[in-house]
Student: 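Structure incoming, see below.
FYI, side chains are in, hydrogens and waters are out, and symmetry mates aren't considered; it's all heavy atoms of this structure. Chain letters run A, B, ... following the sequence lines, proteins first and then strands; every chain starts at 1. What you are looking at is a predicted structure, and each value in this text was computed from that prediction instead of being measured.
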Protein chains: 2
Amino acid sequence: MTDTAPHPRPARSAGRELKEKGLFEAARAVFAEEGFKGATTAEIARRAGVPKANLHYYFPTKEALYRAVTEEILTDWLAAASSFDEKDDPKEAITAYIGAKMDLARADPLGSRIWASEILRGAPVIKDFLETTLAEWIASREAIMRRWIEAGKIRPLEPRYFFYMIWATTQHYADFEDQIRALNGGVPLSDEQFQKAKAQVVDTILHGITPL
Amino acid sequence: MTDTAPHPRPARSAGRELKEKGLFEAARAVFAEEGFKGATTAEIARRAGVPKANLHYYFPTKEALYRAVTEEILTDWLAAASSFDEKDDPKEAITAYIGAKMDLARADPLGSRIWASEILRGAPVIKDFLETTLAEWIASREAIMRRWIEAGKIRPLEPRYFFYMIWATTQHYADFEDQIRALNGGVPLSDEQFQKAKAQVVDTILHGITPL
DNA sequence: GATGGATTTGACCAAGTGGTCAATTCACGT
DNA sequence: ACGTGAATTGACCACTTGGTCAAATCCATC
């Protein structure tokens, strides 16, 4: 009320952000379905409901748009990864981490699919992330797990392959959603089914690494 | 020596099959890297070392070539799957199956990647396979596992989600090979590393489902 | 209501795209 | 040597691609 100019500059900025968001989300969907090369700027613009020339006003090139999309995905990945560090107890940490990864796969399957598609084509855009940030992440968590192993808290194993199993299994529910749907009578997993799957993944892996 | 006509008709046929094979293999590589839409017939022809027009002599359309490639992959998949049925004991059956899937991922990563790429784009070509052959396969193996559960041979679990875990984990070593390489100091897993990974996958999953 | 930068967009372009085709070359039986 | 069908391929085509651009339109400010 006291503000006589509710959106003097924000108006422009907000409009811009909204349109940019629309293009961004449309791009996520198309990149997830078609991959980087298969995606077309025309299709992205069409889904966002703007002329193609307008897309190029907000994002100079298809690759710039793609890079913006991937960056957000890496951020989300790291956020989920942080749940591994919140507990000192192996079971709690692993349970939290698997849960976070499963929830992310459920909440943002497109992100997971874009990641998968990016790896499949040789990871040209995120290669640096893999070689630096991700490599450091897994190295330090590997050290943590080795301490757990030495303390007899979990069975001896190669931590890397353990993480691969978690990544593969959790991301499978996003990347292969269409296959899972086909095997589920043509309908997507319900929330109950997904929760059960999540519990089973946690349960099986936890049992798999618990000492006798 | 006795045969004065070493390749009278076989020559033609063999030449044809060889060229077809070359195109087929080139297509596998390009489809695996770029996906169906991203792959170009020009690139496939270039890798096979033949003019593009020649490709269309052997395979009328890009999609016909793609279908030929996918059909072989489904055959390989089923062959690996049969190893599940060779043993009556759960541990032996699952060990054999995981081993076969891991070996397939190692021997033919391209096939696994084409499958993944096909699912990512909505499985237009193999949807029928998923809904019929694969659905039947998992349904009957689900029944087998339920019997094992009732007999107390394995812990109670939802067989479907168990198979998803196996598929995800084993295929991960093919589909995410580039990521694994990046996390392995830039070099692919050696044979020893891969064998160790395979053993650990078997071991963890087996422990994960073995009753206390 | 005039100014000027931000935004919008139809028209356009050079470079690919999957696919065709007619002309040529090949390999074999005669 | 010759005839014939299989195989090869350069040239071509209609269409799509990512990206450009100049002209139009908006809209906060003065």
Student: Quick one: side chains of residues 26-34 of chain B, donor-acceptor pairs under 3.5 Å with protein atoms, not counting sequence neighbours, listed by atom name and distance.
Tutor:
| unit_1 | atom_1 | unit_2 | atom_2 | d |
| --- | --- | --- | --- | --- |
| B/Arg28 | NH1 | B/Glu72 | OE1 | 2.9 |
| B/Arg28 | NH2 | B/Asp108 | OD1 | 2.1 |
| B/Arg28 | NH2 | B/Asp108 | OD2 | 2.8 |
| B/Glu33 | OE1 | B/Arg47 | NH2 | 2.9 |
| B/Glu33 | OE2 | B/Arg47 | NH1 | 3.3 |

Student: In whole Å, what is the span from the CD atom of B/Glu63 to the C1' atom of C/dT17?
Tutor: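 Rounded to whole Å, this separation is 16 Å.
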
Student: Hey, could you give me each pair passing side-chain hydrogen bond (donor to acceptor under 3.5 Å, both in side chains) that has a residue in residues 74-86 of chain A? Not counting sequence neighbours.
Tutor: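 Qualifying pairs: A/Asp85-A/Arg141.
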
Student: Looking at residues at least two apart in the chain, or sitting in another chain, which of them share a side-chain contact (heavy atoms from CB on, under 4.5 Å) with B/Ser190?
Tutor: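 B/Glu192, B/Gln193.
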
Student: Provide, to the nearest angstrom, the distance between the NZ atom belonging to B/Lys62 and the C1' atom belonging to C/dT17.
Tutor: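 One finds 8 Å between C1' of C/dT17 and NZ of B/Lys62, rounded.
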
Student: Just to verify, what does B/Lys196 make a salt bridge (charged side-chain N to carboxylate O under 4.0 Å, His left out) with, not counting sequence neighbours?
Tutor: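 B/Lys196 satisfies salt bridge (charged side-chain N to carboxylate O under 4.0 Å, His left out) with A/Glu158 only.
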
Student: Could you give all pairs that pass the salt bridge (charged side-chain N to carboxylate O under 4.0 Å, His left out) test and reach residues 121-137 of chain A, with sequence neighbours left out?
Tutor: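 Passing the test, one end in residues 121-137 of chain A: A/Glu118-A/Arg121.
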
Student: For a ring-ring contact (aromatic ring centres under 6.0 Å, His included) check, start with the C-alpha distance between A/Tyr173 and B/Trp167, then their side-chain angles and the critical distance, and finish with the verdict.
Tutor: CA-CA 11 Å; A/Tyr173 283 87; B/Trp167 296 345; over 10 Å; no

Student: List the residues meeting side-chain contact (heavy atoms from CB on, under 4.5 Å) with B/Ala53, not counting sequence neighbours, and say none if there are none.
Tutor: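 Here no residue qualifies.
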
Student: Which residues pass the side-chain contact (heavy atoms from CB on, under 4.5 Å) test with A/Leu74, sequence neighbours left out?
Tutor: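 A/Leu74 satisfies side-chain contact (heavy atoms from CB on, under 4.5 Å) with A/Trp115, A/Ile126, A/Phe129 only.
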
Student: What is the separation between atom NE2 on A/His56 and atom P on C/dT7, rounded to the nearest whole Å?
Tutor: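 From A/His56 NE2 to C/dT7 P: 17 Å.
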
Student: Between atom CG in B/Leu65 and atom P in C/dG19, what is the gap in whole Å?
Tutor: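 Checked: the CG to P distance equals 10 Å.
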
Student: Restricting to side-chain hydrogen bond (donor to acceptor under 3.5 Å, both in side chains), what partner residues turn up for A/Ser112, sequence neighbours left out?
Tutor: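 Only A/Asp175 meet the side-chain hydrogen bond (donor to acceptor under 3.5 Å, both in side chains) criterion with A/Ser112.
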
Student: Output the residues of residues 34-44 of chain B in contact with DNA chain D, where contact means a heavy atom of the residue under 4.0 Å from an atom of the strand; sort by number or write none.
Tutor: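 Result for residues 34-44 of chain B: none.
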
Student: Does a salt bridge link A/Asp178 with A/Arg181, judged by any charged N lying under 4.0 Å from a carboxylate O?
Tutor: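 Here A/Asp178 pairs with A/Arg181 in a salt bridge, since their nearest N and O are under 4.0 Å apart.
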
Student: So which protein nitrogen or oxygen atoms get under 3.5 Å of nucleotides 8-12 of chain C's nitrogens or oxygens?
Tutor:
| unit_1 | atom_1 | unit_2 | atom_2 | d |
| --- | --- | --- | --- | --- |
| C/dT8 | OP1 | A/Lys19 | NZ | 2.9 |
| C/dT8 | OP2 | A/Asn54 | OD1 | 3.3 |
| C/dT8 | OP2 | A/Tyr58 | OH | 2.5 |

Student: Mind calculating the distance between CZ (A/Arg67) and P (D/dG18) to the nearest angstrom?
Tutor: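 So the two atoms are 17 Å apart, to the nearest Å.
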
Student: Between the two end axes of the helix from C/dG1-D/dC30 to C/dT30-D/dA1, each built from 5 base pairs, what angle do you get to the nearest 10°?
Tutor: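 Result, rounded to 10 degrees: 0°.
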
Student: For B/Trp148, which residues count as a side-chain hydrogen bond (donor to acceptor under 3.5 Å, both in side chains) partner, sequence neighbours excluded?
Tutor: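 Scan of B/Trp148 (side-chain hydrogen bond (donor to acceptor under 3.5 Å, both in side chains), adjacent residues dropped) gives none.
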
